[in-house]
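I have placed the structure first, in the form of structure tokens, so that the comments after it can refer back to it.
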Amino acid sequence: QVQLVESGGGLVQAGGSLRLSCAASGSIFSILAMGWYRQAPGKQRELVAAITSGETTDYADSVKGRFTISRDNAKSTVYLQMNSLKSEDTGVYYCRGSRYQLHYWGQGTQVTVSS
């Protein structure tokens with residue numbers, strides 16, 4: 001079983017930056033594909049950024065050039081560096097770890113961007 005705990009959310013002005021962290025328990029973090037998702041009020045949860053166990057990354061078009069996902073296997077942690085934040089980036093951010101058909105979710109962290 002893997003437990004994921006996000007941190008780093010908060011209130012920031014438009015144009016500002018935040019770094020989210022997701023710490024994982026268990027010993028299989030290095031083989032998990034990790035992703036950051038967000039859910040805005042009244043909207044479906046969407047994939048923001050993903051990183052494979054081999055550190056291949058992928059991003060939603062809306063965040064390309066502004067967000068960077070990275071992982072530190074020694075610390076069992078995945079990060080999301082968010083720069084040039086916009087009001088539309090507001091939402092609850094969740095991390096997810098995946099291995100084949102198994103998915104593990106964190107409890108989420110709120111990000112609010114004021115314009």
Side-chain angles (χ1 to χ4, degrees):
Q1 187 72 8
V2 176
Q3 291 185 327
L4 302 174
V5 179
E6 301 98 333
S7 61
L11 174 63
V12 63
Q13 287 189 332
S17 298
L18 282 175
R19 188 175 84 152
L20 306 183
S21 300
C22 173
S25 66
S27 59
I28 65 169
F29 176 81
S30 64
I31 63 173
L32 295 176
M34 301 298 299
W36 283 99
Y37 292 72
R38 70 184 176 198
Q39 187 164 20
K43 294 188 177 181
Q44 288 189 329
R45 194 173 297 187
E46 61 175 352
L47 177 65
V48 173
I51 186 166
T52 68
S53 58
E55 303 200 16
T56 298
T57 60
D58 193 21
Y59 297 92
D61 288 343
S62 60
V63 306
K64 282 180 180 176
R66 299 189 298 122
F67 290 11
T68 302
I69 188 170
S70 61
R71 65 191 298 160
D72 185 337
N73 289 337
K75 295 182 178 180
S76 296
T77 300
V78 63
Y79 304 98
L80 185 67
Q81 178 67 43
M82 305 186 294
N83 300 327
S84 303
L85 283 161
K86 305 175 181 179
S87 57
E88 51 263 44
D89 295 319
T90 293
V92 179
Y93 283 69
Y94 300 88
C95 73
R96 188 180 89 165
S98 300
R99 175 74 174 163
Y100 300 124
Q101 301 305 312
L102 292 176
H103 304 294
Y104 308 96
W105 289 92
Q107 83 290 348
T109 185
Q110 176 70 45
V111 171
T112 303
V113 183
S114 62
S115 57

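The structure presented is a predicted model; accordingly, all values stated were derived computationally and were not measured.
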Are [Y] and [X] linked, directly or through intermediate hydrophobic residues, by side-chain heavy-atom contacts shorter than 4.5 Å (ILVMFWY only)?
{"X": "V63", "Y": "I51", "result": "yes"}
{"X": "V2", "Y": "V5", "result": "no"}
{"X": "L85", "Y": "V92", "result": "no"}

request  = Could you grab the distance from atom OG1 of T68 to atom CG of L80, nearest 0.5 Å is fine?
outcome  = 8.0 Å
ask   = Once you round to the nearest 0.5 Å, how far does CD of Q81 lie from CD1 of I69?
value = 12.0 Å
ask   = Do M34 and L4 have side chains that get closer than 4.5 Å, going by heavy atoms?
value = yes
Contact check, side chains of F29 and N73, non-hydrogen atoms, under 4.5 Å = yes
request  = Go through the structure and list residues passing salt bridge (charged side-chain N to carboxylate O under 4.0 Å, His left out) with K64, not counting sequence neighbours.
outcome  = D61
task = Report the residues that fulfil salt bridge (charged side-chain N to carboxylate O under 4.0 Å, His left out) with E46, sequence neighbours left out, ordered by chain and then residue number.
result = R38
inquiry  = Any side-chain to backbone donor/acceptor pair from R71 onto T52? Under 3.5 Å, distance only.
reply    = yes
query = What residue pairs, at least two apart or across chains, pass side-chain hydrogen bond (donor to acceptor under 3.5 Å, both in side chains) with a residue in residues 17-37?
reply = S17-N83, Y37-R96
ask   = In chain order, what residues pass the side chain to side chain contact (heavy atoms under 4.5 Å, CB included) check against R99, with sequence neighbours excluded?
value = I31, L32
Crowding at CD, Q3 (>12 non-hydrogen neighbours, <6.0 Å) = no
CD/Q13: more than 12 non-hydrogen atoms of other groups inside 6.0 Å = no
message = Ignoring hydrogens, what is the shortest heavy-atom contact between L47 and A49? Give both atom names and the distance.
response = CD1-O, 3.5 Å
request  = Work out which heavy atom in S84 is nearest to a heavy atom in R66; give both atom names and the distance.
outcome  = O-NH1, 2.9 Å
ask   = Please, which pairs that meet ring pair (Phe, Tyr, Trp, His ring centres under 6.0 Å) have at least one residue in residues 57-87, sequence neighbours excluded?
value = none
Report, one line per pair, each donor and acceptor closer than 3.5 Å where one atom sits in a side chain of residues 104-115; sequence neighbours left out.
residue: Q107; atom: NE2; partner: E6; partner atom: O; Å: 3.4
residue: Q107; atom: NE2; partner: E6; partner atom: OE1; Å: 3.4
residue: T109; atom: OG1; partner: G9; partner atom: N; Å: 3.2
residue: Q110; atom: NE2; partner: G91; partner atom: O; Å: 3.4
residue: Q110; atom: NE2; partner: T112; partner atom: OG1; Å: 3.3

